[in-house]
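Protein chains get the first letters and strands the later ones, always in sequence-line order, with residue 1 at the start of each.
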2 protein chains.
Amino acid sequence: MTSTSPQRGRRSASMKDVAARAGVSVKTVSNVINGAAVGAGTRERVQRAIADLGYRPNISARNLRRGRTGILALAVPELDQPYFAELARLIVDAAEEHGYTIIIDQTGGGDRREQYVIDGMGAKLADGVIFSPVAMDRLDIARRVDTTPLVLLGERVSAGPADHVAIDNVAAARTATAHLAGLGRRRIAAIGAQPDHAQGTSRLRETGFRAALEEAGLPVEESLIVPARDYHRRDGAEAAAYLTELEDPPDAVFCFNDTLALGAMRTLHDRGYRIPHDVAVVGFDDIDDGRYNVPSLTTVSPDKAGIARSALRLLLDRIEAIDSPPREVTVRHELRVRESSGMTTRRPYSG
Amino acid sequence: MTSTSPQRGRRSASMKDVAARAGVSVKTVSNVINGAAVGAGTRERVQRAIADLGYRPNISARNLRRGRTGILALAVPELDQPYFAELARLIVDAAEEHGYTIIIDQTGGGDRREQYVIDGMGAKLADGVIFSPVAMDRLDIARRVDTTPLVLLGERVSAGPADHVAIDNVAAARTATAHLAGLGRRRIAAIGAQPDHAQGTSRLRETGFRAALEEAGLPVEESLIVPARDYHRRDGAEAAAYLTELEDPPDAVFCFNDTLALGAMRTLHDRGYRIPHDVAVVGFDDIDDGRYNVPSLTTVSPDKAGIARSALRLLLDRIEAIDSPPREVTVRHELRVRESSGMTTRRPYSG
DNA sequence: CACCGTACTTCCAACGATGTAGTAGTCGAT
DNA sequence: ATCGACTACTACATCGTTGGAAGTACGGTG
């Protein structure tokens with residue numbers, strides 16, 4: 001300890017200390033901890049020594065030796081977006097069931113941070129990465145040189161360059177829009193387009209939206225397709241303000257996520273529109289907020305637990321077998337019709 | 001590589017490989033990476049070799065040698081509680097600024113998982129822990145044997161056994177309640193009591209609530225103090241249902257957090273109460289949801305960024321100087337008055 | 001009684017990085 | 001030419017753990 005002592009402060013007990021106290025070799029301690037064959041008496045002595053010293057294995061050393069860390073990274077734009085918060089919760093829980101710990105990386109949806117993620121995040125910390133991209137597209141992913149197992153979330157890129165979990169965004173958006181058309185709405189707006197992103201989720205939802213309008217025999221009016229830079233309440237509120245100022249405002253709005261919808265509804269309310277009477281609103285994600293809002297929000301409900309489970313399964317499989325071909329998992333979704341598009345208000349809430 | 005090869009699949013480049021390619025010693029590579037003095041020519045050759053091989057340092061090895069991991073743990077009850085989601089976001093960002101990565105541990109507020117957290121989470125993974133306790137009290141913390149630096153969040157325990165960041169919950173609750181009394185409300189209820197927890201945040205808010213009633217010369221009616229097991233919208237909705245069924249329902253409700261308030265407002269709305277006309281509502285936390293809700297929610301707004309920054313500072317200080325006495329940081333808060341307790345509805349939202 | 005297998009246990013090397021000490025080589029002053 | 005002081009680099013030990021091989025003791029077997 002004299003010449004090279006990297007530790008600062010009290011050094012905590014190592015296997016060597018445990019071994020000394022129990023009067024056995026270091027390897028025997030290791031065997032006890034890893035459940036290998038050890039005599040009953042020895043095992044007990046070792047366990048007592050472990051307890052006495054408050055010994056805990058040094059993860060860094062173990063990982064160094066084993067070549068894996070037991071850590072998975074979850075890279076999302078923002079943790080305080082309710083959708084990602086709910087998803088993160090499920091993924092953390094699912095990872096824990098498999099003995100993995102989750103580290104969080106927030107990209108903010110920016111190019112630089114997202115590139116950093118697909119390049120392996122600077123150091124070999126995680127055994128695998130679950131990544132919800134915003135700025136990176138299929139090409140960026142395909143170009144990647146880092147070999148850390150990677151699972152992509154939330155953007156449907158068929159036959160993509162990596163494992164992928166998503167719902168069928170086009171179909172979901174079509175169903176949502178068709179629902180509005182089915183209510184007899186004729187001027188249906190969309191909030192959340194992102195013209196900059198050629199491949200993102202927003203593009204798929206827009207595609208579904210347009211398809212549904214055509215199927216319903218409605219004209220696609222470009223002025224009713226409103227972009228949103230971020231997907232926060234504020235952006236929804238601003239987009240709705242724009243819509244109400246149109247010469248001929250819409251009688252329905254399909255928002256590409258729930259927070260946009262909640263923000264939009266706030267503005268619509270402030271400007272005297274009754275929901276759903278004057279304007280029906282549908283969102284996307286089925287976050288908890290929408291269920292209790294007044295009016296409660298009709299929304300596309302993806303199977304978030306299914307997404308979490310599938311992402312983890314794909315990732316763990318790939319950690320095992322790094323060279324298998326990429327897989328696509330499509331998780332189910334359903335439309336949850338609530339007050340904002342039909343059920344009358346002033347009725348006890350249920351589900 | 002023949003006898004003991006823990007790695008599976010392609011082994012990625014190590015310093016040794018870089019050193020061989022650049023024709024220098026391993027230590028020189030290390031020096032280049034860590035910015036020590038290295039000749040210009042050598043440095044360039046090494047950097048080219050690093051780029052060619054796609055070398056990234058092995059964190060486990062570095063951590064083993066350095067005695068620290070660069071990882072901090074954040075232990076919260078549930079990541080999808082908006083308050084914790086917003087806090088997690090800020091803490092992850094703050095940690096990143098200091099070069100640390102955050103791992104997430106979800107305790108669910110349960111004894112077992114929380115005990116696990118204060119016992120060091122099974123292995124020395126994190127250099128420090130930021131912990132928002134629900135079940136553990138001061139005694140549990142004081143009994144702790146693990147030496148990992150620990151910062152507690154959210155519960156004001158003066159002269160506690162560990163570093164601590166909180167707002168003045170008693171004062172905040174008193175202000176909120178006094179605000180309702182100041183509006184002329186006379187039957188003020190509270191939602192969110194947790195009689196089981198002798199020391200939690202809920203107890204402090206209840207204390208402030210009672211104090212404010214007394215100061216306002218109002219009787220403390222026990223039937224108007226409603227417990228909530230969890231702090232979800234659902235619990236708020238149920239508590240409000242109970243209140244409306246009282247013989248003499250309240251004309252104001254102070255909810256111990258915003259999600260309780262949002263759930264309660266939903267029920268109140270369903271049962272025909274006008275907010276704030278019939279019942280004024282105040283929440284706690286100032287989550288984004290409350291700002292856009294109809295009606296927008298009056299709430300106690302803690303300085304969350306301040307909490308994140310302070311927690312990180314305390315933790316990093318303690319990692320440096322493990323034996324200094326515990327410190328208490330009290331972060332500022334303010335009451336944000338919005339529609340649910342006064343501002344008229346039907347007015348453009350602002351702030 | 002020598003021999004063998006079984007059941008534990010010990011010894012040694014290795015994972016990849018970094019701290020310390022030591023070795024060349026360079027330069028300026030003497 | 002000699003020395004000292006410096007710079008640039010190398011060699012080696014070490015962090016705590018685990019894999020593999022070698023060692024030991026014991027009971028049974030021929």
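When heavy atoms are screened at a 4.0 angstrom cut-off, Val26(B) is found touching base atoms of the nucleic acid. No engagement by Asn63(B) is indicated, since no non-hydrogen atom pair under 4.0 Å with the nucleic acid exists.
Nearest-nucleotide assignment on DNA chain D puts the 5′-proximal partner with Thr28(B), out of Ala61(B) and Thr28(B).
Arg56(B) has its CZ atom 15 Å from the C1' atom of dA17(C), to the nearest Å. If you take CG of Asp17(A) and C1' of dT17(D), they are 13 Å apart, rounded to a whole angstrom. Spacing between atom CD1 of Ile33(B) and atom C1' of dG16(C) amounts to 11 Å, rounded to whole angstrom units. Spacing between atom CG of Asn58(A) and atom C1' of dA17(C) amounts to 13 Å, rounded to whole angstrom units. Between the CZ atom of Arg68(A) and the C1' atom of dG16(C) there is a distance of 18 Å, given to the nearest Å. Separating the CG atom of Leu64(A) from the P atom of dA13(C) is a distance of 17 Å, rounded to the nearest angstrom. Rounded to whole angstrom, the span from the CD1 atom of Ile59(A) across to the C1' atom of dT18(D) amounts to 13 Å. dC12(C) atom C1' lies 14 Å from atom NZ of Lys16(A), rounded to whole Å.
Of the candidates dT18(C), dT17(D), dA17(C), the closest approach to any side-chain atom of Arg66(B) belongs to dT18(C). Out of dA17(C), dC8(C), dT17(D), the shortest distance to the side chain of Ala37(A) is found at dC8(C). Nearest to the side chain of Met15(B), among dA17(C), dT17(D), dA8(D), sits dA17(C). Listed candidates were dA8(D), dT10(D), dA17(C). Nearest to the side chain of Ser25(B) is dT10(D).
Smallest separation of non-hydrogen atoms from Ser14(B) and Tyr55(B): C-CE1, 3.5 Å.
Between Asn31(B) and dA8(D), a side-chain N or O to OP1/OP2 separation shorter than 4.0 Å is absent. Note on Asn34(B): a side-chain N or O is less than 4.0 Å away from OP1 or OP2 of dT18(C).
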Exercise for the section: Go through Arg113(B) and Glu96(A) one step at a time and tell me if the salt bridge (charged side-chain N to carboxylate O under 4.0 Å, His left out) criterion holds. Expected result: CA-CA 12 Å; Arg113(B) 299 269 309 167; Glu96(A) 204 227 320; 2.7 Å; yes
Exercise for the section: Begin from the C-alpha positions of Thr69(A) and Asp127(A) and carry the test side chain to side chain donor-acceptor pair (under 3.5 Å) through to its verdict. Expected result: CA-CA 6 Å; Thr69(A) 64; Asp127(A) 294 335; 3.1 Å; yes
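Remark: the Lys27(B) side chain and the dG19(C) base include a donor-acceptor N/O pair separated by less than 3.5 Å. In this model, a side-chain donor or acceptor of Arg65(B) finds a partner on the base of dT18(C) within 3.5 Å.
With a 4.5 Å cut-off on side-chain heavy atoms, Val151(B) and Val165(B) count as touching. Looking at Thr101(A) and Val92(A), their side chains never come closer than 4.5 Å, going by heavy atoms from C-beta outward.
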